[in-house]
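Here is the structure we will look at, set down as structure tokens.
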4 protein chains.
Amino acid sequence: MPTDTFTNLPIEKRNLILHLAIEEFAGHPYHAASISNIVREAGIAKGSFYQYFADKKACYRYLVEMATKEKLNIVTEIPAPDPGCDLFGYLRWQFLTQVHFELTRPRLAQILYRAFIEDIPFPDMAEELRRRGTTQFFKQLLSQGILHGTVAPWVDPDVAAFLTEVIFYQFGKYFIERLSLTKDDFTSHAIYDRQDVQALLTSLMDILEAGIKRNPNQQANYLRVN
Amino acid sequence: MPTDTFTNLPIEKRNLILHLAIEEFAGHPYHAASISNIVREAGIAKGSFYQYFADKKACYRYLVEMATKEKLNIVTEIPAPDPGCDLFGYLRWQFLTQVHFELTRPRLAQILYRAFIEDIPFPDMAEELRRRGTTQFFKQLLSQGILHGTVAPWVDPDVAAFLTEVIFYQFGKYFIERLSLTKDDFTSHAIYDRQDVQALLTSLMDILEAGIKRNPNQQANYLRVN
Amino acid sequence: MPTDTFTNLPIEKRNLILHLAIEEFAGHPYHAASISNIVREAGIAKGSFYQYFADKKACYRYLVEMATKEKLNIVTEIPAPDPGCDLFGYLRWQFLTQVHFELTRPRLAQILYRAFIEDIPFPDMAEELRRRGTTQFFKQLLSQGILHGTVAPWVDPDVAAFLTEVIFYQFGKYFIERLSLTKDDFTSHAIYDRQDVQALLTSLMDILEAGIKRNPNQQANYLRVN
Amino acid sequence: MPTDTFTNLPIEKRNLILHLAIEEFAGHPYHAASISNIVREAGIAKGSFYQYFADKKACYRYLVEMATKEKLNIVTEIPAPDPGCDLFGYLRWQFLTQVHFELTRPRLAQILYRAFIEDIPFPDMAEELRRRGTTQFFKQLLSQGILHGTVAPWVDPDVAAFLTEVIFYQFGKYFIERLSLTKDDFTSHAIYDRQDVQALLTSLMDILEAGIKRNPNQQANYLRVN
DNA sequence: CATGAATGAGGGTTCATTCAT
DNA sequence: AATGAATGAACCCTCATTCAT
């Protein structure tokens, strides 16, 4: 999405501009993010910016795609899940990855967060985000969990997927705030090795598992209001 | 937050302005919401608007407070929970109230949703929203649940509160979309009486209860990644 | 097309702005005409201009409509044609009116001239100009001339109308340049009373009449090239 | 006007650039024509363009001169007029040449058309165009016509030249539209051989001749307004 | 000789806000 | 109390042109 002009830029300059653009779009809703700000802080001419990106939207889209890719790349920085693990082991690993992402790339994570949660003024792009987003992913994961007998058969997979997804989007911020994590807990494996993170994650997973995992002795009581 | 001038306005005019302001702030992120739009559609002078509200922020804050109050008032429109019901009965009732709110006052609900989910450019206001918001409420609720033995003792009440809260904020939209609810399912009790709503809510509560309710036979297996 | 804000402006201010806008759009092709110029010279804020006109196009359209109306109004300033006169008497009167218009309202005339002759970037507006323009008018005039026997029957009315129209659009500038007419030949009737104008007009009409007027003795020799 | 650098360019590249420049300046008023467009479509560097032409004006001027020359060259593509033909035979031939030019080189013709009809922002260039343009040519032609007795002595040669010129500039578009001519009526002689073109041209010439040709029986009635 | 990044003035437009009437 | 004209900074974006490589 950026032009070749941008791609061919000296890496330092390119990174400076990217950094400032990321800060701007992470720090403000799309409408409040200002190209003028970016160029002012980058010390480049307005015209230059528009030789790098066709327009504000193109720049924004690029950042979102960048964040998406970065999120995929990040998996290598966290030990892979036990190949034999079940759905919940896998989910736990997903969650760890997410915290790691939010902690090591907080601005990119914030841009993705905004892209999902706020209105962006480009219906096509919003549509694409949803499609490639996590909703389908979680839905399939949970459906398979039922088939495989990992998930209790009485669980509505759609509801379970909804639950998992909303937690997935929000728990990172919760962890970071509750454990006062900072960017300085940065080095690779850092998250994975921290006892407090693992403990908190266990608390969360315990509830999730108790909620949806198959368990012969477990049977919900259907309460009715009034 | 509005001036006396506004308060003393003939009710019709006041309502018109409020209605249009609600539409504007519900329909757009704060920065994209436009006072010019409001006054144009209301057919009032720009200056008049600024005699009703000190500025854009004051208007916005008022709407948020309005929505908050309205949400409190709404409880009368839904049958009260069984006085003897436990935490989960009470939660179920809370959730029902929330769907009812989102369905009967969709614009106000949307404003509140935006206020929590998007940045608003006023740190003080954001802070206040959090403080008066639901976080504390759910935390206390869950803590008491543990004390009373309704909630499994191994549950971290903070985590459970976090879970409940994020679900609480998002499930309304999920219900509305999944059940294709419209404003026309509007009359009082409507939500309460709909089988599909109750059934879906049950699916959700079942998972929540299974996740955190005390149950002698229930014991989470602590999975570890690898 | 201008807003009420503009309409309600003190007449002096309104006229100043109109004057400067007319100068700008008469003096430059649409793309080169600059709102910034207008406001700078008017000494008003840019924002003010946009309270008067929705956008550049609206301002331009208004000027074109103004010029069109003014051209219609102007007929009262020239003695009416002899009620019994024939097509050519009427055409002569039309031409006189046109010179008068171009001389007394040169900038408005220039705006109309541009509107017909240059590309304007609004297809709809161009279309409307053509429709309401002179093409149809001259076509009907000449067709009727043939019916009434004023025009020679061998004349193609379409071609004659084309001829009349292109002359009509261009001869004003020709007159003004050839006779060195200036705005100071301004007073009402001035054009009508000037011998040189009438003489030149006669020269023009003579040719036109000789070209298309019915005349028993007149018969074109059909020349062929080679 | 282009630099030697441009002249020495491989002919294909040169033609590509010329072609695109012609398209741009034919398709848009001078101010709306964009060098950026040209270089983008040509796939050359911006800097290269400025090594071929000093600036936008130089490029434009070159195209105008090119079109002028091409128009002179074109005469060889149409059968020469009968050497013994009179002024009107010659004019007819001129007109044919003009239609041929507009039809076979529509973009160049359009550039010339714009150059005469629109303002170009270079007074000197405009001046030169007028001087070398057709005005003097037609004036001399008509004056000689009077001397030779081909043109009626009562005809003002200046007025007749003006008439001829405005027709000359506009009738090509009229013909093309009325006869729905397209570039595909393209091959040499095509125009010359088409019956409809010849017939329409005859209609036009008939009027012109009737208007200004010497004819013993012809005498205009001098009409006066009222 | 070609390149293409850099420029910055200028374009049209919108905005929240003020203040004299 | 209501008005609505005035403001001007800020917005996104385009342009012809330059110049170091």
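Each chain gets a letter, A, B and so on, in the order the sequences are listed, and its residues count up from 1.
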**Request:** Taking only the side-chain heavy atoms of C:Lys13 (C-beta and beyond), determine which of E:dT3, F:dT3, F:dA5 contains the nearest atom.
**Result:**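 Selected nucleotide: F:dA5.
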**Closest to side chain of A:Tyr50, choosing from F:dT14, F:dT17, F:dT7** =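 Per side-chain heavy atoms of A:Tyr50, the pick is F:dT14.
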**Request:** Under the side chain to side chain contact (heavy atoms under 4.5 Å, CB included) rule, what do B:Arg14 and B:Ile11 come out as? Steps first, then yes or no, please.
**Result:** CA-CA 5 Å; B:Arg14 206 167 71 218; B:Ile11 191 157; 4.1 Å; yes
Does [X] place a side-chain N or O at less than 4.0 Å from the phosphate oxygens OP1/OP2 of [N]?
X       : N      : value
B:Ser36 : E:dA16 : yes
C:Ser34 : E:dG10 : no
A:Ser48 : E:dA5  : no
B:Tyr52 : F:dA2  : yes

By the 4.0 Å heavy-atom rule, please label [X] as base, sugar-phosphate, or nothing.
X      : result
B:Asn8 : nothing
C:Asp4 : nothing
B:Leu9 : sugar-phosphate

**Prompt:** Want to settle it: does B:Gly43 or D:Asp55 sit nearer the 5' end of DNA chain F, counting the closest nucleotide to each?
**Reply:**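 Nearer the 5' end of the strand: B:Gly43.
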**Prompt:** If you find the nucleotide of DNA chain F closest to C:Lys46 and the one closest to D:Ala33, which residue's nucleotide is nearer the 5' end?
**Reply:**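 Looking at the nearest nucleotide for each, C:Lys46 comes out on the 5' side.
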**Prompt:** Pick one: which of D:Glu24, D:Glu23, D:His19 meets side-chain hydrogen bond (donor to acceptor under 3.5 Å, both in side chains) with D:Arg107?
**Reply:**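 The residue from D:Glu24, D:Glu23, D:His19 that satisfies side-chain hydrogen bond (donor to acceptor under 3.5 Å, both in side chains) with D:Arg107 turns out to be D:Glu23.
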Can you tell me the distance, in whole Å, between the [atom1] atom of [X] and the [atom2] atom of [N]?
X       : N      : atom1 : atom2 : answer
B:Ile44 : F:dA2  : CD1   : P     : 9 Å
A:Arg40 : F:dC12 : CZ    : C1'   : 13 Å
B:Ile17 : F:dA2  : CD1   : C1'   : 11 Å
D:Tyr30 : F:dC15 : OH    : P     : 14 Å
A:Gln51 : F:dC12 : CD    : P     : 18 Å
D:Phe49 : F:dA16 : CZ    : P     : 9 Å
D:Glu24 : F:dC15 : CD    : P     : 9 Å
C:Lys56 : E:dT14 : NZ    : C1'   : 17 Å

**Item:** Heavy-atom pair of closest approach, residues D:Pro29 and C:His31
**Value:**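 Between these two residues, the closest heavy atoms are CG-ND1, 4.2 Å.
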**Prompt:** Counting distance only, does the side-chain N/O of D:Lys71 pair as donor-acceptor with the main-chain N or O of D:Leu108 below 3.5 Å?
**Reply:**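 No, the answer is negative, given that no donor and acceptor are paired below the 3.5 Å cut-off.
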**Item:** A:Lys57 (side chain) donor-acceptor with A:Pro121 (main chain) under 3.5 angstrom
**Value:**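 Not confirmed, A:Lys57 side chain does not pair with A:Pro121 backbone.
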Could you tell me the Watson-Crick or G-U partner of [N], where both distances fall under 3.5 Å? Say none if there is no partner.
N      : answer
F:dC12 : E:dG11
F:dT17 : E:dA6
F:dA1  : none

**Message:** Can you tell me which residue among A:Tyr62, A:Phe53, A:Phe6 is in a side chain to side chain contact (heavy atoms under 4.5 Å, CB included) with A:Met1?
**Reply:**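 Per the side chain to side chain contact (heavy atoms under 4.5 Å, CB included) rule, the option paired with A:Met1 is A:Tyr62, out of A:Tyr62, A:Phe53, A:Phe6.
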**Message:** Let me spell it out: for each of B:Lys57 and C:Ala54, pick the nucleotide of DNA chain E with the closest heavy atom. Which residue's pick is nearer the 5' end?
**Reply:**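 Comparing both residues, the 5'-ward one is C:Ala54.
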